Amino acid sequence: MSDYYNAFEISPVPTPGPDAVPPEPFRGIYGMPAFATIPTSDLAESMDFWIRGLGFIELFSVPGRLVHLRRWAFQDVLLVSAASVPERPPAISFSFACVLSQIDSLAEACRALRPDAVDEPRDTPWTTRDVEVITPENARIILTAAKPFDPDSEEARNLAAMGITPPDAGRGDNEEHA
């Protein structure tokens with residue numbers, strides 16, 4: 001790739017900033033480029049948690065067998081009926097983008113439904129604020145929100161030391177990373 005391409009043009013994730021507004025849930029039908037399939041022994045309980053806690057909508061369901069949930073475009077989850085779920089959350093996690101203004105309210109909504117299932121939000125070295133949630137199915141979900149990029153921050157210096165620089169930092173393309 002020799003030309004810089006602004007991936008925000010195709011992403012439902014808004015540009016990070018204090019006034020970033022989350023998109024509405026996307027109700028359209030598309031070929032899903034990726035999705036999570038999560039087994040559950042209680043579709044009703046799982047669906048309630050994902051909708052009221054994590055902010056998903058029910059796109060459609062096959063009663064007693066499957067529920068297709070979605071937040072933003074390309075944030076799809078299929079809850080599928082299963083005889084049992086793992087006793088412990090796996091090491092692997094699945095992350096969903098949010099905006100900063102949603103992190104605390106989503107964490108509180110999840111905590112109201114499952115008090116011991118939500119960690120405190122934490123800031124990462126790659127300029128996000130994340131909160132880990134363990135769902136009723138023992139899925140490890142990370143809600144992640146990009147923080148505004150500060151070119152004078154320690155995070156920016158750390159990213160630059162790894163060769164990651166913003167497009168407006170003097171380079172007009174992304175050739176070095178292709």
Side-chain angles (χ1 to χ4, degrees), residues 8 11-27 32-61 64-150 153-155 158-159:
F8 281 100
S11 175
V13 180
T15 302
D19 298 329
V21 176
E24 291 295 318
F26 186 79
R27 296 180 184 275
M32 297 184 300
F35 59 93
T37 300
I38 300 179
T40 176
S41 56
D42 188 335
L43 274 172
E45 176 189 23
S46 294
M47 194 168 90
D48 183 62
F49 184 83
W50 284 81
I51 291 171
R52 291 193 312 138
L54 294 169
F56 281 72
I57 61 166
E58 178 184 350
L59 193 61
F60 70 85
S61 65
R65 299 193 57 199
L66 171 135
V67 177
H68 184 158
L69 301 170
R70 181 177 295 151
R71 282 183 78 238
W72 303 349
F74 314 119
Q75 293 187 344
D76 293 274
V77 172
L78 302 180
L79 297 175
V80 295
S81 185
S84 63
V85 298
E87 290 183 30
R88 296 185 352 218
I92 194 168
S93 64
F94 197 84
S95 299
F96 292 98
C98 302
V99 296
L100 279 173
S101 64
Q102 293 181 299
I103 289 289
D104 291 336
S105 61
L106 287 170
E108 286 307 311
C110 290
R111 196 172 282 118
L113 297 168
R114 302 190 75 214
D116 297 330
V118 183
D119 283 350
E120 291 300 316
R122 68 188 189 307
D123 291 334
T124 68
W126 46 90
T127 68
T128 66
R129 180 162 297 139
D130 295 357
V131 65
E132 181 179 285
V133 177
I134 305 299
T135 69
E137 316 78 33
N138 278 328
R140 185 179 309 277
I141 302 301
I142 308 297
L143 300 171
T144 183
K147 297 187 303 186
F149 184 75
D150 176 359
S153 69
E154 182 177 342
E155 290 92 348
N158 292 340
L159 291 170

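As the structure is a computational prediction, the values presented were derived from the model and not from experiment.
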Q: Assess whether side-chain contact (heavy atoms from CB on, under 4.5 Å) is satisfied between Phe49 and Val133, documenting all intermediate values.
A: CA-CA 11 Å; Phe49 184 83; Val133 177; 3.6 Å; yes

Q. Sequence neighbours excluded, which residues qualify as salt bridge (charged side-chain N to carboxylate O under 4.0 Å, His left out) partners of Glu120?
A. Arg111

Q. CD1/Ile57 to NE2/His68 distance, rounded to the nearest 0.5 angstrom?
A. 8.5 Å

Q) What residues, two or more places apart in sequence or in another chain, satisfy side-chain hydrogen bond (donor to acceptor under 3.5 Å, both in side chains) together with Arg140? A) Glu132

Q.
For Glu24, is the CD atom crowded, meaning more than 12 foreign heavy atoms sit under 6.0 Å from it?
A. no

Q.
If I take atom CG from residue Asp42 and atom CE from residue Met47, how far apart are they, to the nearest 0.5 angstrom?
A. 10.5 Å

(Q) Could you work out, with side-chain hydrogen bond (donor to acceptor under 3.5 Å, both in side chains) as the rule, every residue matching Thr40, not counting sequence neighbours? (A) Ser46

Q: State which residues pass salt bridge (charged side-chain N to carboxylate O under 4.0 Å, His left out) with Glu45; sequence neighbours excluded, sorted by chain then number.
A: none

Q) What residues form a side-chain contact (heavy atoms from CB on, under 4.5 Å) with Pro115, not counting sequence neighbours? A) none

**Q.** Nearest-0.5 Å distance, CD1 of residue Ile141 to SG of residue Cys110
**A.** 9.5 Å

Q. Quick one: salt bridge (charged side-chain N to carboxylate O under 4.0 Å, His left out) pairs with a partner in residues 73-100, sequence neighbours left out?
A. Arg70-Asp76

Q) Residues in side-chain contact (heavy atoms from CB on, under 4.5 Å) with Thr37, at least two apart? A) Phe35, Leu78, Val80

Side-chain polar contacts of residues 95-103 - donor-acceptor pairs under 3.5 angstrom, sequence neighbours left out - could you list them?
| residue | atom | partner | partner atom | Å |
| --- | --- | --- | --- | --- |
| Gln102 | OE1 | Val99 | N | 3.1 |

Q | Side-chain touch Val21/Asp19, heavy atoms, less than 4.5 angstrom | A | no

**Q.** Inter- and intrachain pairs under salt bridge (charged side-chain N to carboxylate O under 4.0 Å, His left out), touching residues 95-105, at least two apart
**A.** none

Q | Atom pair OG (Ser153) and CG (Leu159), whose distance is rounded to the nearest 0.5 Å | A | 7.5 Å

Q. Can you name the closest pair of heavy atoms from Gly64 and Ser81 and give their distance?
A. O-CB, 3.4 Å

Q | Partner residues of Thr128 under the side-chain hydrogen bond (donor to acceptor under 3.5 Å, both in side chains) criterion, sequence neighbours left out | A | Thr124, Trp126, Asp130

Q: Not counting sequence neighbours, which residues clear side-chain hydrogen bond (donor to acceptor under 3.5 Å, both in side chains) with Asp123? List them please.
A: Arg129

Q: Applying salt bridge (charged side-chain N to carboxylate O under 4.0 Å, His left out), name anything that partners Asp48, two or more places apart in sequence or on another chain.
A: Arg52

Q: Hey, could you give me the CG/OG1 distance between Leu54 and Thr135, rounded to the nearest 0.5 Å?
A: 7.5 Å

Q) Which pair of non-hydrogen atoms, one from Ala109 and one from Gly53, has the smallest distance, and what is that distance? A) CB-O, 3.7 Å

**Q.** Pairwise distance CG(Asn138) to OG(Ser41) - rounded to 0.5 angstrom
**A.** 9.5 Å

(Q) side-chain contact (heavy atoms from CB on, under 4.5 Å) for Ile38 and Trp50? Distances and angles first, verdict last. (A) CA-CA 11 Å; Ile38 300 179; Trp50 284 81; 3.5 Å; yes

Q. What closest approach, in Å, do Pro12 and Ala73 show between heavy atoms, and which atom pair accounts for it?
A. CG-O, 3.2 Å

